[in-house]
Amino acid sequence: MSESLDLHLALAETELENPVLPYLRQDRIPHIWCPGCGIGTSVNCFCRALTDSGLDLDKVAIVSGIGCTGRTAGYLNLDSFHTTHGRAIPFATGLKLGNPDLNVVVYSGDGDLFAIGGNHFFHAARRNMDILVICVNNFTYGMTGGQVAPTTPVGPTQTTMPLGNFESPFNLPFIADACGATYVSRWTVYHVRQLAKAMKEALNKKGFRFIEVMSPCPTLYSRRNRLGDGVDQVKYYKENSVIKNGADTKDIGLGYQGEIVVGKFVDRERATWLESMNDHFSKVLGDQFKPYGGKPEGV
Amino acid sequence: MSAEETTRKGKGTVFVRMEVCKGCSYCIDFCPTHALDFSKEFNQKGYHFPVLNRAEDCTGCDLCGLFCPDFAIFGARWKDLDEKRQKTATPVEP
Ligand SMILES: Cc1ncc(C[n+]2csc(CCOP(=O)(O)OP(=O)(O)O)c2C)c(N)n1
Ligand code: SF4
Ligand code: SF4
Ligand code: SF4
Ligand SMILES: [Mg+2]
């Protein structure tokens, strides 16, 4: 055995543990994600963001739909909800409105949030529901075997597009922006520090917040298209990303293995659904109405 | 001095839970100082895991820790480790 391996063994027995372990349900680790899958890296960044956010973890709830990314809620040591496919956002909406003190985070995949769950996304953003939505975009339905997703770029082969995809994909930040999200950013799992910072920033902001995380699915997307392993996709992210904070979201759609624009695109203030409702009924009903949730007027 | 301290070469070091590593090589490829290599040994699941072959180059920046999708590695500065150990050390009874 090499000298360095001996050192590892010695260190492994010390009192130190990985700083993210307390955020994970350790009885469920190792997780099911494939070698080189980027979902774990995004979760790693999210754990750092939770530390840095200074939030009371008893008041953070995490909601996932179905999919490989949807497993995230089950691995995090928070109040976790693994909901049905596409319904993470309506579930999160109920959770937030039932208990407005909670900081509610939806963590799910591109298929879950934008195919079966697309409608919920649009309306939650339009209403400015006070939730953070983190979408791990691997351009495919990972869990079910690599079917074409609404995010799959034109070109690559998928199980349901054996001759290559010809459908135009969604540009996720553009949708979030157009629907009225208060915070929109896109990073890849190569940009670990920026991603952790964006997650922290978004955790501490109000309104409908959206972060797209580009992440490799080596098992289905990359292998099928001969793009190498997870690490090769992350190297592609490294070499082809340009940071353009404030970029117009309509210009940042993603092509197949093309240039990737990353950064923070939207950061605006807008009354949340609850604030608008309280405000509206207070105006219409005057003293008859007791504002719900947040702090009542003058208290 | 412990064996570990005599082998201190760089500003920091890494801690690896080799049994949960899946050998994806994120940590190895994205370490800014290229301090890590794959082990020659396999872990129980048959993966090679990272070893700090160039300990003198490790800054303890923990970028490997941020990249790892399996929570199998993290880096730390000796300076911070010493501080932490001092804080957690049980005082000797007089
Ligand atoms: C109502 C319903 N329809 C279809 C499915 C099958 N299904 C499970 S996960 C999934 C897609 C997951 O894709 P995505 O959200 O991108 O997650 P990923 O696995 O890529 O992280 C589908 C179609 C289901 N579980 N429930
Ligand atoms: S199938 Fe793809 S998305 Fe799912 S765990 Fe494996 S690599 Fe990740
Ligand atoms: S702590 Fe930093 S320098 Fe040391 S191995 Fe990890 S990434 Fe490399
Ligand atoms: S990043 Fe983690 S799982 Fe990948 S090789 Fe390094 S220690 Fe192993
Ligand atoms: Mg997906």
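FYI, side chains are in, hydrogens and waters are out, and symmetry mates aren't considered; it's all heavy atoms of this structure. Convention: sequence-line order gives letters A, B, ...; per-chain numbering from 1.
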Heavy-atom side-chain proximity of B:P69 to A:W33 below 4.5 angstrom: no
Which portion of A:V231 sits near chain B, non-hydrogen atoms under 4.5 angstrom: both
Leading residue by heavy atom contact count with chain B [cutoff under 4.5 Å; candidates A:C47, A:G36, A:C34]: A:G36
Beyond-backbone contact of A:V192 with B:F30, side-chain heavy atoms, under 4.5 angstrom: no
Rounded to the nearest 0.5 Å, what separation is found between the SG atom of A:C37 and the NZ atom of B:K22? 8.5 Å
Counting only heavy atoms closer than 4.5 Å, note whether A:N18 contacts chain B via side chain, backbone, both or neither. both
Measuring from B:Y26:OH to A:N44:CG, what's the distance to the nearest 0.5 Å? 11.5 Å
Would you say B:Q44 has more than 12 foreign heavy atoms packed within less than 6.0 Å of its CD? no
What orientation do B:F67 and A:Y190 show, parallel under 30°, tilted 30 to 60°, or perpendicular over 60°? tilted
So, applying side-chain contact (heavy atoms from CB on, under 4.5 Å) with A:P30, which one of B:E19, B:K45, B:R17 is it? B:K45
For A:K235, is it the side chain, the backbone, both, or neither that has a heavy atom closer than 4.5 Å to a heavy atom of chain B? both
Need one label for A:L24: side chain, backbone, both or neither, based on atoms under 4.5 Å from any heavy atom in chain B. side chain
Does any heavy atom of chain B fall under 4.5 Å from the side chain of A:L21, the backbone, both, or neither of them? side chain
Is B:F71 in contact with chain A via its backbone, its side chain, both, or neither, using a 4.5 Å heavy-atom distance? both
With a sphere of 6.0 Å drawn around NZ of A:K197, does it hold more than 12 non-hydrogen atoms of other residues, nucleotides or ligands? no
Largest heavy-atom contact set with chain A, pairs under 4.5 Å, which of B:V20, B:I28, B:D70: B:D70
Salt bridge or not between B:D62 and A:R48? Use side-chain N to carboxylate O under 4.0 Å. yes
